[in-house]
2 protein chains.
Amino acid sequence: MTTQKTTARKAMPDFDRPLVTVDVVIFTVVDEQLKVLLVRRPESATEPFPGRWALPGGFIDVTRDTSLFDCAMRKLGEKTGFTTPYLEQLGSWGSATRDPRGWCATHVYFALVPPLEDGEAAGSAASEWVEVDAALRKRLAFDHADILAAAVERLRGKVEYTSLPAFLLPEPFTLPQLQRTYEIVLGRPLDKSAFRKRMLDAQFLVEEGSISGVAGRAAMGYRIGDRDRAAVFPRTFRSFEVQSLQE
Amino acid sequence: MTTQKTTARKAMPDFDRPLVTVDVVIFTVVDEQLKVLLVRRPESATEPFPGRWALPGGFIDVTRDTSLFDCAMRKLGEKTGFTTPYLEQLGSWGSATRDPRGWCATHVYFALVPPLEDGEAAGSAASEWVEVDAALRKRLAFDHADILAAAVERLRGKVEYTSLPAFLLPEPFTLPQLQRTYEIVLGRPLDKSAFRKRMLDAQFLVEEGSISGVAGRAAMGYRIGDRDRAAVFPRTFRSFEVQSLQE
DNA sequence: TAAATAGTGTCTCTAAGACAATATCAT
DNA sequence: ATGATATTGTCTTAGAGACACTATTTA
């Protein structure tokens with residue numbers, strides 16, 4: 001069924017077609033931890049990796065998905081309900097051996113979302129937010145451990161010079177909250193003064209009125225100016241120290 | 001063997017499978033210009049976009065290619081003969097409409113190679129090195145104009161803070177040659193002193209003996225220390241000027 | 001008023017850019 | 001020696017980090 005249904009005149013390639021899937025690595029920060037959404041593979045013995053944890057994803061439906069991005073957005077919406085997350089392509093993984101059902105290529109996206117409100121479908125029995133280092137230690141289905149590692153590396157790398165962590169917070173948020181989010185993702189403390197200068201100089205935040213916390217002075221609330229792209233800073237954090245560490 | 005190879009028992013998805021291709025954007029610098037390799041689509045009317053220029057690539061051969069990367073490397077080798085180029089994944093493009101033959105996803109890689117020696121198959125009649133801005137103005141097949149634009153953007157972007165241009169030169173090369181290559185890719189002059197400090201501080205070059213040019217003082221020749229990865233600089237070129245330009 | 005948190009100022013340091021000065025090669 | 005090119009040094013400046021200081025809110 002898969003290959004030539006060449007009724008038509010265009011030359012259809014008579015190669016066997018690989019399986020094609022889309023997977024989404026969905027990050028959030030909740031309880032002071034960076035977490036990733038994992039789903040449980042069906043228990044059925046007819047499925048590969050029954051019962052294992054995996055990244056959310058699945059086959060492209062050529063009748064519903066008009067593009068890879070649409071497909072990723074659809075899967076993200078099904079799992080989290082978010083409609084305007086940060087969603088970028090991470091890369092693709094394809095080989096003869098990564099799926100026992102045959103030659104398979106997956107297109108992987110990575111998404112940043114604010115923590116879900118308690119009401120929302122955070123964990124249907126089949127899905128769960130898992131702290132990333134714990135997730136990396138699990139024996140995930142397929143090559144999803146490699147994919148997750150690549151996603152975490154990309155996230156931590158880009159956080160050094162972009163405004164990505166802002167997409168992990170519900171709006172409006174304060175600069176101290178944003179700094180805390182950076183620190184959670186990077187796993188190290190940042191200097192308050194340098195952090196604020198950097199964020200405000202980058203001009204990607206819009207003021208949204210003061211917010212009172214549980215104690216202490218009220219803080220300015222901010223919203224992301226342009227949710228379609230992250231701001232890029234001219235340098236990484238601690239750039240010169242990184243330099244010396246390499247030696 | 002764990003995964004029962006049962007012809008029948010694994011649930012095979014009954015989705016129609018998209019077409020799957022791999023394309024490679026191959027850059028080089030020759031005649032003081034950044035060029036990209038284009039190939040001509042076959043003239044046959046049974047093929048999509050007959051006679052149009054396109055990026056080199058084609059369908060995955062699930063019987064020969066063990067992975068996407070292998071497939072890209074194979075296509076690169078067929079076109080240029082290089083075996084140790086710089087090759088990284090650019091991304092994937094997939095939609096219902098990008099190929100008239102049906103839902104198609106392509107995995108795109110981008111490669112940097114030194115200019116070919118005259119003897120080598122630089123231009124079989126069906127392929128040609130084209131200056132990138134001229135290539136961007138051509139009406140390429142499929143969505144290859146979008147893909148090429150993304151590749152050029154990625155290249156120019158990464159050149160600001162990585163050692164990528166070193167992979168465009170035959171080894172050994174000199175620092176003035178490397179600087180010229182950066183300037184060609186970026187399209188603007190760089191300061192000599194700052195450039196040398198940056199390259200040498202990054203520790204990715206190994207000395208390879210002095211090289212005499214046609215005139216003037218001989219220059220130190222260098223080779224790339226680790227061809228498997230590019231060096232990353234802690235800042236972009238002209239970082240603060242870029243900053244002020246944004247305002 | 002005290003505790004807690006938000007926000008600012010000052011000083012030092014790294015590395016980039018501008019550009020001048022020096023070194024070495026072919027003829 | 002001279003012209004050409006390679007290589008180094010000096011000065012200035014932007015922005016990062018360390019850290020002390022001030023400001024504002026709640027209890």
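This one's a predicted model, so the numbers in the text were calculated from it and none came from an experiment. A note on names: the letters A, B, ... follow the listed sequences, proteins ahead of strands, and every chain is numbered from 1.
For B:Arg196, no side-chain nitrogen or oxygen approaches OP1 or OP2 of D:dA6 to under 4.0 Å.
A donor-acceptor contact closer than 3.5 angstrom is absent between the side chains of A:Ser95 and B:Ser67. At a cut-off of 3.5 Å, with distance as the only test, no side-chain donor of B:Ser92 or B:His107 sits close to an acceptor on the other residue.
When heavy atoms are screened at a 4.0 angstrom cut-off, B:Ala194 is found touching base atoms of the nucleic acid. B:Ser193 comes within contact range of at least one nucleobase, with a heavy-atom separation under 4.0 Å.
The side chain of B:Ala215 lies closest to D:dA4 when the candidates are D:dA4, D:dA6, C:dA4. For A:Arg235, the side-chain atoms get nearest to D:dA14 when compared with the rest of D:dT10, D:dT8, D:dA14. In the set C:dC25, C:dG17, D:dA23, D:dA23 carries the atom at the smallest distance from any side-chain atom of A:Arg217.
Comparing A:Lys192 and A:Gly216 against DNA chain C, the residue whose closest nucleotide sits nearer the 5' end is A:Gly216. The 5' end of DNA chain C is approached more closely, in terms of each residue's nearest nucleotide, by A:Ala219 than by the other of A:Ala219 and B:Ser210.
Between the P atom of D:dA18 and the CZ atom of A:Arg188 lies a distance of 10 Å, rounded to the nearest Å. The nearest whole Å value for the distance from the CD atom in A:Glu183 to the P atom in D:dG17 is 12 Å. Nucleotide C:dA16 holds its P atom 12 Å from the CG atom of B:Leu190, rounded to whole Å. The nearest whole Å value for the distance from the CD1 atom in B:Ile211 to the P atom in D:dT5 is 16 Å.
Comment: B:Glu128 does not engage B:Lys138 in a salt bridge, judged by the lack of any side-chain N to carboxylate O separation of less than 4.0 angstrom.
Ring pair B:Tyr109/B:Phe69 is perpendicular by interplanar angle, where above 60° counts as perpendicular and below 30° as parallel.
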